[in-house]
Structure formats: C-alpha cells, structure tokens
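Report on one structure; see the data block that follows.
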Amino acid sequence: MLKQRILTAAWLAPLALVGLFGLSGDAFAAFTAGVVLLAAWEWANLAGLSEGARRLAPVAGLALVMAALHAAGMTLSSWLLWLAVPGWLINLYWVVGYPERAGQWHGTAVRLAMGLWVLLPTWVGFNVLREAGAAWLLFVLLLVWGADIGAYFVGKALGKRKLAPRVSPGKTWEGVAGGVAVTALLAVSFAVWQGLGLATGLLLLAATVVVTLASVVGDLFESMLKRHRGLKDSSQLLPGHGGVLDRVDSLTAAVPLFALLQAGVL
C-alpha cells in the first residue's frame, strides 16, 4: 500500500501543481471543473446511485450548469459562494445530529442536492482565489494541509476527548486545537511574507481560524456520508489514496468560505 501511495503521489502532485499554479483564466476553470466533476461522480455514489448510467446523469447535469455559468461569465460570481454558507450550516447541523437526523437527508434527491451546494461553490471559489492571485490560492491549500497535519500529530499525542465519535471516531478536540495552532502560525507567517499591515494581518488570522474550523466540518461531512453508505473511500480513482473527494473534502468547505472572506475583508 505504501508503494502504491508513493507511485500515485509521484504523478498526482506534479499534475496538481501545474494545473493549480501553471494555468489561469479559462484553462484553470476547465482544469478545476474536471476535478470537481470527478468528485461529483463519486458523490453520486454517496447519494446512492451506484449504477453507471444513473450515476453519470447528475455529473452531466452539473457539467451543463458549469458550462452555462462559464458562458454567462459568472464563474467569479459571489452569490454562488454565498450558496455555500447556508449549505454548510445545514451540513453542520446534520453532522452534529448523526445518526438521529439521518432521516432528514437519507433520500437520494436530498443527497444529490447536497452535492450541488458543496461542489459548485468549491469550483467558483477556486476560480475567485486564482483570480485574486496565486498566493491566496496557495495559502488556502497550505491552511487545509496544515490543519490536517497539526490535527493528526497533536491528536495522536494528546487526543482524549472525541470530536464526533459516531461520525469519525479518530478525531479529537485536542487535534482540532493542534490544527488551529498550526494554521494560526501559517497566517502570521503569510502576513509577514506579504507585508500585510497589522489590521489586515489580524483579519487574516481571524479568517484563518474560522476557515480551519470549517475545513474540519468538510472532512466530517464526507465521513458521515461514507459511513451511511458503508464505504471506506469515496472511490479508488487514486490508488492508495482513495478517491478525489477523500483528498478535497476539507477544501470543499474551506475554499468557498475563504474566497468570500478574502474578497470581502482581506
């Protein structure tokens, strides 16, 4: 398994770096759309559609929506980012109440609708951040990775209080605190690197804490859907790493929220 993970990472990491930082404009929008549509294919399975043709239908529908938005020049529209705010508040409500509240969303139609308010703002958020500058896109990626790394090591060393044992038994409150500590240090370092003033730096620090917590919800939300479906991974598209959603679950919450905050206050 370790060998397979290394081989997959050897081609995946360069591809991701070239796509995210070597492309811009329409090419970047097309690249990120491809990633989101792969995630949508996996989401259809999480929604209960495991058969080929039925599973491809919602993916095709999302592709048409994205194409229409692009044709209308709306790939940077802030209202699409705002769609994520009530969506993720609802998602948090369901995660906190799992499994008692599962009856509210277990239907396939509702789970497909979840995918719309999760995946579409993620795509728009990527476009908005890339337009704002590669540094902001890099920051949110480092934020999510730093939160994961901090949560893993601090949780492993000090974790005692379970965060959401019925959704993801391994996660702890101590791990969350470790992730926040790492991303707070990242925010301070980024503010110094970019020469941000004190006021803007403090706003970035506050935004970082909020987005870090949102990224945790993104991770838990996908874990909840996989647990409901009895799945370990969202797919096997990335051998040794699971599926695309397994790699971007935290980003689906972090990217649109950070794009909103970056555009509004930073």
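FYI, side chains are in, hydrogens and waters are out, and symmetry mates aren't considered; it's all heavy atoms of this structure.
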Looking at [Y], is its backbone amide N or carbonyl O close enough to the side chain of [X] to form a donor-acceptor pair, meaning the two atoms are under 3.5 Å apart?
X      : Y      : result
Arg227 : Ser168 : no
Thr183 : Thr212 : no
Arg5   : His241 : no
Ser77  : Trp79  : no
Ser50  : Asn45  : no
Asp246 : Asp233 : no
Trp117 : Val85  : no
Thr122 : Val118 : yes
Glu42  : Ser234 : no
Arg130 : Leu20  : yes

Taking the side chain as every heavy atom from C-beta outward, state whether [X] and [Y] have any atom pair closer than 4.5 Å.
X      : Y      : result
Val110 : Trp94  : yes
Val124 : Leu76  : no
Arg101 : His106 : no
Met224 : Val95  : yes
Phe221 : Met114 : yes
Trp88  : Tyr93  : no
Leu62  : Val36  : yes
Leu37  : Met66  : yes

Determine, stepwise, if the pair Val154 / Thr172 fulfils side-chain contact (heavy atoms from CB on, under 4.5 Å). CA-CA 9 Å; Val154 174; Thr172 63; over 6 Å; no
Give, for atom [atom1] of [X] and atom [atom2] of [Y], the distance between the pair rounded to the nearest 0.5 Å.
X      : Y      : atom1 : atom2 : result
Leu142 : Thr208 : CG    : OG1   : 11.0 Å
Phe139 : Leu129 : CZ    : CG    : 11.0 Å
Phe126 : Trp123 : CZ    : CH2   : 12.5 Å
Asn127 : Leu137 : CG    : CG    : 10.0 Å

Examine [X] and [Y] and state if one hydrophobic cluster contains both, with Ile, Leu, Val, Met, Phe, Trp and Tyr joined whenever side-chain heavy atoms are less than 4.5 Å apart.
X      : Y      : answer
Val182 : Leu205 : no
Val140 : Val188 : no
Trp145 : Val210 : yes
Leu69  : Trp82  : yes
Val128 : Val65  : yes

Fellow cluster residues of Phe153, listed by chain then number, with links counted only when side-chain atoms sit under 4.5 Å apart: Ile149, Tyr152
Which other residues belong to the hydrophobic cluster containing Leu112, where Ile, Leu, Val, Met, Phe, Trp and Tyr are joined when side-chain heavy atoms lie under 4.5 Å apart, directly or via other members? Leu49
Could you tell me whether Trp193 and Phe190 have their ring centroids closer than 6.0 angstrom? yes
Worked verdict on Leu80 versus Thr75 for side-chain contact (heavy atoms from CB on, under 4.5 Å): CA-CA 9 Å; Leu80 289 164; Thr75 55; over 6 Å; no
Counting neighbours of CD on Gln194 that are heavy atoms of other residues, nucleotides or ligands and sit closer than 6.0 Å, is the number greater than 12? yes
Taking CH2 in Trp11 as the centre, count heavy atoms belonging to other residues, nucleotides or ligands within less than 6.0 Å. Is the count above 12? yes
Identify the residue among Lys162, Lys160, Arg161 that makes a salt bridge (Lys or Arg N to Asp or Glu O under 4.0 Å) with Glu174. Arg161
Looking only at heavy atoms, what is the nearest atom pair of [X] and [Y], with distance?
X      : Y      : answer
Trp41  : Arg55  : O-NE, 2.9 Å
Ala134 : Phe21  : O-CE2, 3.7 Å
Pro239 : Leu237 : CD-O, 3.3 Å

Solution key, residues 249-266 side-chain donor-acceptor pairs under 3.5 Å, sequence neighbours excluded:
from   : atom 1 : to     : atom 2 : distance (Å)
Ser250 : OG     : Ser215 : O      : 3.3
Thr252 : OG1    : Asp249 : O      : 2.6

Do Leu163 and Val216 pass the side-chain contact (heavy atoms from CB on, under 4.5 Å) test, and can you show the C-alpha distance, the side-chain angles, and the key distance before you say yes or no? CA-CA 10 Å; Leu163 176 63; Val216 175; 3.7 Å; yes
Does the Lys NZ or Arg CZ of Arg111 fall within the cation-pi geometry relative to Trp43 - under 6.0 Å from the ring centre and within 45° of the axis? no
